[in-house]
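These numbers come from a predicted model, not from an experiment. Hydrogens, waters and symmetry mates are skipped; everything else that's a heavy atom, side chains included, is used.
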Amino acid sequence: MTQKMLKNVRGACACGPDCSHGQEAAHARGLRETYRVYRLTLCAAVRRVEDGCGRTAFLMQAAFSVIDLGILAFFILGPYLRARSSYLLVDYAIAVWIVGEMVVRMITAPSIRRWLLRPMTWVDVIILATLLFPAVLSNFAFLRVMRLWTIGKSPLLRDAFRRAGRLQHLDVLRAVINLVVFLFVVTGFVYTSFFYYRDGAEGFVDALYFTVATVTTTGFGDITLPGTMGKLTSVVTMIVGISLFVRLAQAVVRPYKVTYPCPSCGLRRHDADAVHCKACGEVLNIPDDGE
């Protein structure tokens, strides 16, 4: 069907140098139709990869995850690699990769507005800015750790847990990832804002120590942040950090539930063996692996 549509499009776009207004309109319609066909083809391909349909899709997921882990390793080791001559080359190569990911997500999104409202879009924009302008935005390089969210939301992660029969632990891992990302983002901010002047790893360790003590509300008081800005940073760290701790505790102790939208009321979370929706009573047909 796709080949037939493309053939029709090519026929509609085959206008010569003496193109009339009618032919120009047909040419424009043909281009729009070509874009629509290729967009649908790309959407279908992306959906197959995300769903892990087949061995090829699974291998592609694995390859993308390896690349994401390599990017994250580069971000973590960035301060130690910055003096190397190849640092900028790798830096800009990662920027090109992220731009490619953003373009694919934008094309396959239902609308530009929906794409702009995705949190990962703005995470990628921030990371891309630090990659394109490493000298100017070096103090914001700690925000690159948010790339870890990409790994946490990877379809491969879910598929790997499903194959291992540990899907009930996926929410726990994602809650841990959220907490770790928050800890290192706050640590990076505290380090660049208050402890950057200290030599070696001492400043970063102090920033991490302060962040963990604040998030856990231990409050030893041996390391504090000066001034109004320091107090506000402590307040935000405590409020958001304790919320993430509660979320992690909920993921650990609450009964395992599956994500399956109810066709009637839309409730997404159900018991793994649920037959009826507990909100509206609709009969459910939740797929499982027979385990």
Side-chain angles (χ1 to χ4, degrees), residues 38-39 42-43 45-50 52 56-109 112 114-160 173-174 176-193 196 201 203-204 207-208 211:
Y38 280 115
R39 180 179 177 275
L42 180 60
C43 288
V46 171
R47 194 175 299 113
R48 284 197 300 270
V49 173
E50 289 180 346
T56 302
F58 182 80
L59 291 177
M60 290 184 67
Q61 286 184 7
F64 292 151
S65 296
V66 170
I67 292 173
D68 283 335
L69 288 173
I71 292 174
L72 187 62
F74 176 78
F75 290 162
I76 294 174
L77 299 175
Y80 307 98
L81 302 175
R82 193 167 288 123
R84 297 177 178 269
S85 57
S86 59
Y87 175 82
L88 283 180
L89 181 62
V90 178
D91 183 278
Y92 289 130
I94 294 174
V96 171
W97 175 266
I98 292 178
V99 168
E101 285 188 349
M102 294 176 66
V103 170
V104 171
R105 291 198 188 102
M106 181 181 65
I107 293 175
T108 57
I112 299 295
R114 290 276 295 276
W115 176 72
L116 289 173
L117 291 177
R118 290 178 180 175
M120 280 308 303
T121 298
W122 293 103
V123 169
D124 284 342
V125 168
I126 295 171
I127 294 173
L128 184 62
T130 64
L131 290 169
L132 294 177
F133 308 102
V136 178
L137 300 177
S138 60
N139 287 344
F140 296 93
F142 64 88
L143 295 174
R144 296 176 180 179
V145 76
M146 291 191 295
R147 185 72 181 177
L148 186 59
W149 268 331
T150 302
I151 300 174
K153 294 183 178 297
S154 169
L156 178 67
L157 190 63
R158 181 180 182 84
D159 194 53
L173 178 61
R174 285 176 171 169
V176 170
I177 289 175
N178 290 339
L179 182 60
V180 170
V181 170
F182 175 75
L183 286 177
F184 278 94
V185 167
V186 173
T187 297
F189 174 77
V190 171
Y191 171 67
T192 56
S193 302
Y196 194 73
F204 185 82
L208 179 62
T211 302

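- A distance of 7.0 Å separates CD1 of I71 from CH2 of W97, quoted to the nearest 0.5 Å.
- Of the possible polar contacts, one joining the T192 side chain to the F189 backbone as a donor-acceptor pair under 3.5 Å is found.
- No donor-acceptor pair closer than 3.5 Å links the side chain of T121 to the backbone N or O of L116.
- Note that the CD1 atom of I94 and the CZ atom of F74 stand 4.5 Å from one another [nearest 0.5 Å].
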Item to complete: Output, in order, the C-alpha distance, side-chain angles, deciding distance and verdict of side-chain contact (heavy atoms from CB on, under 4.5 Å) for Y92 and L131.
Response: CA-CA 7 Å; Y92 289 130; L131 290 169; 5.9 Å; no
Mind listing the side-chain donor-acceptor pairs of residues 179-188 below 3.5 Å, one per line with the distance, residues two or more places apart or on another chain?
unit_1, atom_1, unit_2, atom_2, d
T187, OG1, L183, O, 2.7
T187, OG1, T211, OG1, 3.3

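- Using a 4.5 Å heavy-atom cutoff, the side chains of R118 and V123 are not in contact.
- With contacts defined as side-chain heavy-atom distances shorter than 4.5 Å, the pair I112/M106 qualifies.
- In this structure, OH in Y87 is found 5.0 Å from CG in D91, a value given to the nearest 0.5 Å.
- The line from CD1 of I126 to CG of L128 is 11.0 Å long, rounded to the nearest 0.5 Å.
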